[in-house]
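For reference, the structure is listed below as structure tokens.
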Amino acid sequence: MVAGIEAPQLPLSSENYCIVKVAVPVPLRRVFDYLLPENYPITPQPGMRVQIPFGRTTKIGIIDEVESLDHSDLDTQLEKLKPITQILDDSPLITESLISLYRWMGQYYHAPFGEIWQTLLPTALLKGKPAKLSRSSRWTITDIGRESLESGKLAKSAVKQKLILEQLIKNPTGIAHDKIKDFDIPYSSLKNLAGKKWVSRDYITDNDKNIASQVNLPSDIQLNDEQLSAIETVSQHLDRYTAFLLFGVTASGKTEVYLRLIQQVIEQQRQALVLVPEIGLTPQTLRRFEQRFNVSVVTLHSGMSEQQRLQSWLKAKNGEAKIIIGTRSALFAPLKNPGIIIIDEEHDLSFRQQQGFRYSARDVAMVRANLEKIPVLLGSASPSLESLSNVSKGKIKQIELTQKAQNTASLKYRVIDLKNQPMNQGLSADLIKSIKQHLQQKGQVLLFLNRRGYAPVLLCHQCGWSSSCQRCDTHYTYHHQNDYLQCHHCGSSRKAPHQCPQCQCDQMVPVGLGTERLTESIKHLFPDAKTARIDRDTTRRKSAMQDFVSSVKAGEIDILVGTQMLAKGHHFPDVTLVALIDMDGALYSADFRAPEYAAQLITQVSGRAGRADKPGEVLIQTHHAEHSMLHQIIHSGYGEFANSALNERVEAELPPHTFLAMFQAESPQMAHVKYFLADVKQILDRYSNLKVELLGPAPAVYVKKAGKFRYQLFLQTSSRNQLHQLLELTLGDIEKLKSASRVRWRVEIDPVGDS
DNA sequence: AGCACGCCGACT
DNA sequence: GTCGGCGTGCTC
């Protein structure tokens, strides 16, 4: 090629081009300007995806704003602007109110715009997949298939094919293509049958369901007065924004209240969005809704494939899906005709995203409901102190359900003071005696211990050497089953040493108690009982949790040992004894929210057990038996505890009475982290006129994690406004800091926990 | 976050 | 003499 290729001259006149501000998926709190010819076949609008050249690569961004060239207040020179490669959508991906929500999140969380889009949109769309609904289809048996099966034309060996045909006869309306997996049908056999024309596939839309004359299927559940009045109260607000807290004791029938309200919403041709905690989202939740309503119900959760999520998302967007059930991120499902948002177990920590862009789905849901002009219903037996504080501020209306709906027997609580008690593998004599009694009376037993693995430490009996993770500065947890050590902070693992690496003796002893060891000693103490363990290690397999739950309900398990994951969602009617093996950690924790979490755990755990004819018992083992939280929960209930805990937060000037933000920085080099946060503090100090107090910088509770040192700088205030002002004024300068480029950092609003 | 440019150590 | 280490800087 000959040299001297001229750079293409763009005719930069205001008639020909407009400027499009694009949010690009990079961790920068700014948008980038691009040019677009005015005669481009698609009119650019906020919320459309565009392909753009960015640096030396190309990226997919989202249009944030469109400006005409003549009255733009650009601070960059036009020559620097590049043209958009192409617009990927012919209409905005999300509704007006979601765009407003996006802008609110940008202001409130001070997060990079690209990151917010990444949580708002399904990954398939972020990768540039077309926003097209693929038609769903159903499989049905043909007449030929029916005859062939009856006349025994099917080879004996074709077991799977026989299964398919039988299932299709059982389901005369056919089986949806995306459900065939649930029937354990291999696709190859299905294709084989289709080739013979024994089965056929028909393409349909979910709208067929929705236009059915009877949208809600009858229910024979009798409601009590409290439930009726709760439904009445909320249904008077279906046409406007109101936030409700449905504070209902366990088994007070919250779900039935949800269902009746959803029924009204569907009758108004509107959609219901239901958020559940991570674990609660089992196939049964979906089935319960499907059994009740003859409308299209879709789910949205991390267990689904990208394509499945996109399909659910698109059905929510076009209004086909009437009920959307999902975990945290489902909050951002676009709704054509929004009717209500329900957050079940609103206190649950899974509603807070703890990776990347950190937000609280509960808080954002209230803002979204406000923008959509619909009610939002937060339900819990142990509400977050944040929500209860909002009740007293008048931001949320509280509805109480105090009666047990089904005639459940009340629980008996007992605190076992461990001080000076002889212990047998973490179990007091008192507890062992109780377990024995309950087993004799044919009751099932649930034991909670929030520590998986065999023992939290493996150490040398002779020289005291203990095995610790170099990357995190914490002890490895010993896992007996496959004889390995695992760091529960960074996940790294290694083979367990049998000889002390320091003194070469062979006296390595596990110290402390985890679920694995507890299960072992239970098996030893109760050799005749069937014992099972449920934690992250035993439920790796996808259906494992489901299998455990079914076998407990079927009475095939006598004693169930598990971590907190067992506390969520499942009710076991035959369980009569629930024990919290070690409440000490929660009561002595450095986290000021620990008592709140512990109180919620006790409340939730208690909800797992009992029914009318089998009174339940809850035992709590602790060295801190005099702790006021325990007394309040046991004698006066969660509400009473919450009241005094809220008062303590006022005294201590802690959230929700005050508000927090946090700068966190991490780097393999501790000095870099310290320099950066010192610089940040200096910049923040320039605005000492604002009523924001700075605390720190200080090391995070676990300073070292995965080879990186982590420090934090807290901002505390009683005025959210001033906090936001301060961040608005300073973040620009903080981003430009030289020390900022040497660390990974972020600012977090309303931080919880340490990680 | 990517990605490239750029200036110092161990290899064919 | 080169390959490549990751520090620094930029992205419309």
Side-chain angles (χ1 to χ4, degrees), chain A residues 7-14 16-38 40 44-88 106 109-121 123 125-128 353-358 663-676 679 706-710 731-748:
Chain A
Q9 287 296 307
L10 294 168
L12 294 176
S13 80
S14 51
N16 295 334
Y17 281 88
C18 61
I19 297 214
V20 177
K21 293 177 176 295
V22 178
V24 186
V26 287
L28 299 167
R29 290 177 57 258
R30 44 188 281 228
V31 289
F32 291 84
D33 297 329
Y34 285 86
L35 295 166
L36 186 75
E38 293 242 295
Y40 191 87
Q45 288 172 62
M48 288 175 170
R49 289 173 298 167
V50 288
Q51 193 179 52
I52 38 149
F54 190 76
R56 273 150 281 253
T57 54
T58 89
K59 284 188 184 295
I60 292 170
I62 289 114
I63 300 180
D64 192 88
E65 229 179 303
V66 182
E67 279 178 4
S68 68
L69 204 53
D70 44 352
H71 45 73
S72 76
D73 47 350
L74 277 183
D75 42 3
T76 37
Q77 315 93 305
L78 286 180
E79 304 82 66
K80 281 180 77 178
L81 302 194
K82 292 177 182 173
I84 279 173
T85 313
Q86 63 169 316
I87 298 186
L88 298 172
Y109 287 109
H110 303 272
F113 306 112
E115 266 185 24
I116 302 177
W117 279 112
Q118 282 176 39
T119 53
L120 259 144
L121 294 178
T123 24
L125 293 179
L126 294 167
K127 288 183 180 167
Q353 177 142 67
Q354 284 291 33
Q355 252 114 253
F357 166 53
R358 304 184 174 210
F663 280 87
Q664 187 175 75
E666 59 176 37
S667 159
Q669 279 167 284
M670 194 191 280
H672 286 168
V673 182
K674 287 183 171 173
Y675 289 146
F676 168 70
D679 287 350
K708 287 176 179 153
F709 294 93
R710 308 177 310 154
L731 276 172
D733 289 343
I734 290 168
E735 275 172 345
K736 283 188 218 110
L737 281 172
K738 226 179 164 71
S739 55
S741 63
R742 289 189 267 267
V743 298
R744 270 180 58 174
W745 69 277
R746 58 157 196 278
V747 61
E748 187 177 339

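Every value quoted in this text rests on a predicted model; they were computed, and no experiment measured them. Chain A is the first sequence line, chain B the second, and so forth, proteins listed ahead of strands; every chain is numbered from 1.
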Sorted by first residue and then second, give each salt bridge (Lys or Arg N to Asp or Glu O under 4.0 Å) pair with at least one member in residues 49-64 of chain A; sequence neighbours left out. A/Arg49-A/Asp89, A/Asp64-A/Arg103
Length of the line joining A/Leu36:CG and C/dC12:C1', which is rounded to integer Å: 14 Å
Just call it for A/Thr57: base, sugar-phosphate, or nothing, with non-hydrogen atoms closer than 4.0 Å on any strand. sugar-phosphate
Gap separating the CG atom of A/Leu88 from the CD1 atom of A/Ile62, nearest 0.5 angstrom: 9.5 Å
Base, sugar-phosphate, or nothing for A/Leu28, non-hydrogen atoms under 4.0 angstrom? base
Are OP1 or OP2 of C/dC12 and a side-chain N or O of A/Lys80 less than 4.0 angstrom apart? no
So, A/Tyr34 side chain and A/Thr85 main chain: donor-acceptor pair closer than 3.5 Å or not? no
Between C1' of C/dC12 and NZ of A/Lys59, the distance in whole Å: 14 Å
For A/Lys21 and C/dC12, what is the distance between atoms NZ and C1' respectively, to the nearest whole Å? 9 Å
5' to 3' contact window, DNA chain B with chain A (heavy-atom distance under 4.0 Å): B/dA1 to B/dA4
Which whole-number value in Å describes the distance from A/Phe54 CZ to C/dC10 P? 13 Å
Heavy atoms under 4.0 Å, any strand shown: does A/Pro25 hit a base, just sugar-phosphate, or nothing? nothing
Heavy atoms under 4.0 Å, any strand shown: does A/Tyr34 hit a base, just sugar-phosphate, or nothing? sugar-phosphate
A/Val66 versus A/Pro44, closest heavy-atom pair with distance: CG2-O, 3.6 Å
From C/dC12, C/dG9, C/dT11, pick the nucleotide closest to the side chain of A/Leu81? C/dC12
Just distance, no hydrogens or angles: give the donor-acceptor pairs under 3.5 Å from side chains in residues 667-674 of chain A, sequence neighbours left out.
unit_1   : atom_1 : unit_2   : atom_2 : d
A/Ser667 : OG     : A/Gln669 : N      : 2.9
A/Ser667 : OG     : A/Gln669 : O      : 3.4

Quick one: which protein N/O atoms are closer than 3.5 Å to N/O atoms of nucleotides 5-7 of chain C? Pair and distance per line, please.
none

Distance in Å, A/Leu81 CG paired with A/Asp33 CG, rounded so as to fall on 0.5 Å steps: 5.5 Å
A/Glu67 has an atom CD; how far is it from atom P of C/dC12, in whole Å? 18 Å
Short side-chain N/O contact from A/Lys738 to OP1 or OP2 of C/dG9, under 4.0 Å: yes
Most 5' of A/Val26 and A/Arg56 on DNA chain B, judged by nearest nucleotide: A/Val26
First locate atom CG of A/Asp679, then atom NZ of A/Lys736, and finally report the distance between them rounded to the nearest 0.5 Å. 14.5 Å
Within this structure, what is the CG-to-P distance between A/Leu737 and C/dT8, rounded to whole angstrom? 14 Å
Measuring only between side-chain heavy atoms, which start at C-beta, is A/Val31 closer than 4.5 Å to A/Glu65? no
Reported CH2-to-CG distance for the pair A/Trp117 and A/Leu125, which is rounded to 0.5 angstrom: 10.5 Å
Residue set satisfying side-chain contact (heavy atoms from CB on, under 4.5 Å) with A/Arg30, at least two apart, ordered chain then number -> A/Leu28, A/Phe32
Fill in the dot-bracket string of DNA chain C, one character per base: . for unpaired, | for a pair to another strand, ( ) or [ ] for pairs within the strand, taking Watson-Crick or G-U pairs under 3.5 Å. |||||||||||.
Residues, nucleotides or ligands: over 12 heavy atoms within 6.0 Å of A/Tyr675 OH: no
Quick check for you: to the nearest 0.5 Å, what is the distance between A/Thr58 atom OG1 and A/Gln51 atom CD? 4.5 Å
